[in-house]
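First up is the structure itself, then whatever we jot down about it.
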Amino acid sequence: MRLSRYFLPILRDNPKEAEIASHRLMLRAGMIRQEAAGIYSWLPLGLRTLDKVSKIVREEQDRAGAIEILMPTLQPADLWRESGRYEAYGKEMLRIKDRHERDILYGPTNEEMVTGIFRSAVKSYRDLPLNLYHIQWKFRDEVRPRFGVMRGREFLMKDAYSFDLDRAGAEHSYAKMFASYLRTFARLGLKAIPMRADTGPIGGDLSHEFLILASTGESEVFCHRAYLDLPTPGEDVAFDDPVAMRDLMKRWTSLYAATSEMHDKAAFEAIPEADRVSARGIEVGHIFYFGTKYSEPMKATVTGPDGKETPVHGGSYGIGPSRVVAAAIEASHDEAGIVWPKAIAPFDVGLIDLRPGDGATGEACARLERELAAAGFDTLLDDRDERPGAKFATMDLIGLPTHVIVGPKGIAEGKVEVKDRRTGAKESLPVDAVVARLRADH
RNA sequence: CGGGGCGUAGCGCAGUCUGGUAGCGCGGAAGUUUUGGGUACUUCAGGUCGCAGGUUCAAAUCCUGCCGCCCCGACCA
């Protein structure tokens with residue numbers, strides 16, 4: 001992509017409404033534009049990042065055996081009357097009437113709808129377990145939206161819903177999602193720690209939040225230092241083995257980890273002082289087991305092996321990709337701008353032509369662009385007629401992991417400079433060697 | 001929902017107290033200059049001063065009402 005032909009509305013000044021780093025940097029880097037309180041348009045750079053996050057989330061859901069569907073944003077109120085939540089949900093739920101004066105709502109979550117889908121099609125225990133998920137926009141009419149897309153009213157959420165015959169099956173499904181989340185956040189380049197959580201209005205008695213540590217996080221977290229080094233389950237993790245899953249969850253939940261709401265000071269202080277981590281965190285995922293809370297009132301039943309009809313046991317599992325984008329920035333930025341984890345950077349490489357119009361640098365850039373594309377790297381080429389300083393500042397702001405700087409001085413000797421955004425380390429390399437260097441890094 | 005604050009050019013702000021032809025910086029356009037960390041200069045374009053009503057010879061400025069946005073708290077993926 002050539003920056004001169006792209007749509008990247010960079011802001012030089014800090015927008016006054018943005019206080020926290022991710023909000024400020026997302027606005028400055030031209031990733032988002034606010035439309036109303038808690039409602040944002042995603043501009044090209046932001047959308048690319050959001051899509052990269054969603055892609056990884058999707059791959060890991062699929063790997064764990066969940067099956068993707070897509071439910072609408074608007075839902076009929078009657079479905080929610082069945083579960084009793086139409087009345088229970090409160091003002092956070094955006095209620096609308098259509099032209100026929102029928103009550104509809106903009107979905108804040110999808111337990112009711114997915115239960116409706118399930119019950120219409122699944123009648124036998126032989127079709128279980130089943131886990132359906134989608135990645136769709138949600139709306140929760142928060143009293144006070146804030147911090148940009150971190151706590152918006154409209155947000156993108158991956159929500160998965162599991163259906164099992166009994167509690168044991170549901171616990172296995174829960175553990176699969178637990179393992180899947182560990183893999184997902186690790187792949188996103190984030191250190192996420194599972195913490196036992198309150199189940200809130202969704203209900204149920206088994207629930208974990210996944211928090212990533214960031215100094216600007218909204219909640220206080222306390223955990224054992226060992227969590228920081230626990231190995232992430234590999235690609236070959238045995239999702240279908242209930243025993244392996246139970247052991248994995250045990251490993252990840254036996255040490256102390258809690259947010260301030262669930263914090264037990266005495267238990268925390270029982271940990272040797274050197275192993276105590278007290279930090280701030282951002283919730284990026286939340287999983288629940290809620291048993292028959294929806295299946296009973298909504299009559300989502302299957303015939304069991306004993307020939308009896310029985311309500312299915314459910315769980316729901318959420319990750320907010322739009323929040324993950326902001327959280328990643330909170331966890332990784334510096335004075336100059338964003339420092340993207342490689343996996344979710346909007347482009348892999350920022351190629352800077354220091355003197356566009358000059359034949360030699362332009363030619364070298366065109367060649368690098370081609371070769372990088374062939375090697376599978378997304379490249380953003382800054383070919384604007386700007387001062388070098390402005391280009392460096394822009395590239396640092398948008399935080400692409402690797403910068404390749406092509407200037408007339410270097411190119412006269414056939415060399416370009418490769419800069420690592422995170423460390424700032426620069427290395428002068430022959431043009432030929434760039435792709436190999438990038439391959440080694442990514 | 002309680003408390004606080006802010007709405008003036010695309011962005012950041014001054015002007016409001018004390019009413020009198022709407023300004024500055026950045027950004028944009030044209031040009032000159034410069035060319036490895038946001039260059040300098042010249043010229044130009046760009047504003048229903050959030051909206052509505054009121055007071056006045058005269059309102060960005062004073063009064064009333066409304067709307068929008070942000071921050072702190074309570075609440076939440």
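Every chain is numbered from 1, with letters handed out A, B, ... down the list of sequences.
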Whole angstroms only, please: what is the CG-P distance between Asp382(A) and G38(B)? 15 Å

One pair to check against salt bridge (charged side-chain N to carboxylate O under 4.0 Å, His left out): Asp51(A) and Lys55(A). What are the steps and the verdict? CA-CA 6 Å; Asp51(A) 283 346; Lys55(A) 180 168 183 278; over 6 Å; no

Taking only residues two or more places apart in sequence, or in another chain, which ones meet Arg146(A) in a salt bridge (charged side-chain N to carboxylate O under 4.0 Å, His left out)? none

What integer distance in Å separates Glu218(A):CD from C72(B):P? 9 Å

Donor-acceptor pairs under 3.5 angstrom involving side-chain atoms of residues 337-349 of chain A: please list them, not counting sequence neighbours.
residue   : atom : partner   : partner atom : Å
Trp340(A) : NE1  : Ile398(A) : O            : 3.0
Asp348(A) : OD2  : Asp378(A) : N            : 2.8

Base, sugar-phosphate or nothing for Lys91(A)? Non-hydrogen atoms, less than 4.0 Å. sugar-phosphate

With nearest nucleotides of RNA chain B determined for Glu35(A) and Leu156(A) from heavy-atom distances, which residue corresponds to the more 5′ nucleotide? Glu35(A)

Could you tell me which nucleotide pairs with U18(B) by Watson-Crick or G-U wobble geometry, both distances under 3.5 Å, or answer none if nothing does? none

When you get a sec, tell me which of G36(B), C72(B), G37(B) is the closest nucleotide to the side chain of Glu417(A)? G36(B)

Looking only at atom C1', what distance separates C11(B) and G54(B), rounded to whole Å? 34 Å

Does G37(B) have a Watson-Crick or wobble partner in any strand here, with both distances under 3.5 angstrom, and which is it? none

Each nucleotide of nucleotides 6-15 of chain B classed B (base within 4.0 Å of a protein heavy atom), S (only sugar-phosphate) or -, in 5' to 3' order, makes S----BSS--

Provide the Watson-Crick or G-U wobble partner of G73(B), both distances under 3.5 Å; none if there is no partner. C1(B)

Write down the distance separating the P atoms in U39(B) and G27(B), rounded off to the nearest Å. 7 Å

Students often get this wrong, so: under 4.0 angstrom with heavy atoms, is Ala18(A) touching a base, only sugar-phosphate, or nothing? nothing

Partner lookup for C24(B), please. Criteria are Watson-Crick or G-U wobble with both distances under 3.5 angstrom; report none if nothing qualifies. G12(B)

Do you see a donor-acceptor pair shorter than 3.5 Å between the side chains of Glu330(A) and Ser22(A)? yes

Ring pair (Phe, Tyr, Trp, His ring centres under 6.0 Å) involving Tyr317(A) - partner list, sequence neighbours excluded: none

Would you classify Gly285(A) as touching base, sugar-phosphate or nothing, given that sugar-phosphate means primed atoms plus P, OP1 and OP2, and contacts are heavy atoms under 4.0 Å? nothing

5' precedence on RNA chain B between Phe392(A) and Glu19(A) (nearest-nucleotide basis): Phe392(A)

Report the residues that fulfil salt bridge (charged side-chain N to carboxylate O under 4.0 Å, His left out) with Lys391(A), sequence neighbours left out, ordered by chain and then residue number. none

N/O-N/O pairs, protein side and nucleotides 31-35 of chain B side, under 3.5 Å:
residue : atom : partner   : partner atom : Å
U34(B)  : O2'  : Arg387(A) : NH1          : 3.3
U34(B)  : O2   : Arg387(A) : NH1          : 2.9
U35(B)  : O2'  : Arg355(A) : NH2          : 3.0

Listed pairs, N/O of protein and of nucleotides 46-51 of chain B, under 3.5 Å:
none

Distance between C1' atoms of C6(B) and C13(B) (Å, rounded): 13 Å

Searching all strands shown, indicate the nucleotide that pairs with G53(B) (Watson-Crick or G-U wobble; both distances under 3.5 Å). C63(B)

Could you check how far CZ of Arg421(A) sits from P of G37(B), rounded to whole Å? 17 Å

Kindly write out the residues that satisfy ring pair (Phe, Tyr, Trp, His ring centres under 6.0 Å) with Phe377(A), not counting sequence neighbours, or none if the list is empty. His442(A)

Mind checking what makes salt bridge (charged side-chain N to carboxylate O under 4.0 Å, His left out) contact with Asp78(A), not counting sequence neighbours? Arg81(A)

Using a cut-off of 4.0 Å on non-hydrogen atoms, how would the nucleic acid contact of Gly30(A) be classed: base, sugar-phosphate, or nothing? nothing

Under 4.0 Å, heavy atoms only, any strand: does Gly320(A) hit a base, just the sugar-phosphate, or nothing? nothing

Does Ala393(A) reach a base, just sugar-phosphate, or nothing at all? Heavy atoms under 4.0 Å. base

Would you indicate what Arg28(A) reaches in the nucleic acid, counting non-hydrogen atoms under 4.0 angstrom: base, sugar-phosphate, or nothing? base

Are Tyr256(A) and His263(A) linked by a side-chain donor-acceptor pair shorter than 3.5 Å? yes

Tell me whether the side-chain N/O atoms of Gln34(A) come closer than 4.0 Å to OP1 or OP2 in G68(B). no

Output all residues satisfying side-chain contact (heavy atoms from CB on, under 4.5 Å) with Ser254(A), sequence neighbours left out; order by chain, then residue number. none

A59(B) versus C49(B) - spacing of their C1' atoms, nearest Å: 11 Å

Determine, for Asp396(A) against Lys419(A), whether the closest basic-nitrogen to carboxylate-oxygen distance falls under 4.0 angstrom. yes

Using a 3.5 Å cut-off and no angle test, enumerate the donor-acceptor pairs between side-chain atoms of residues 10-21 of chain A and protein atoms at least two apart in sequence or in another chain.
none

Kindly write out the residues that satisfy side chain to side chain donor-acceptor pair (under 3.5 Å) with Glu142(A), not counting sequence neighbours, or none if the list is empty. none

Atom CG of Asp396(A) and atom C1' of G36(B): how far apart are they, to the nearest Å? 13 Å

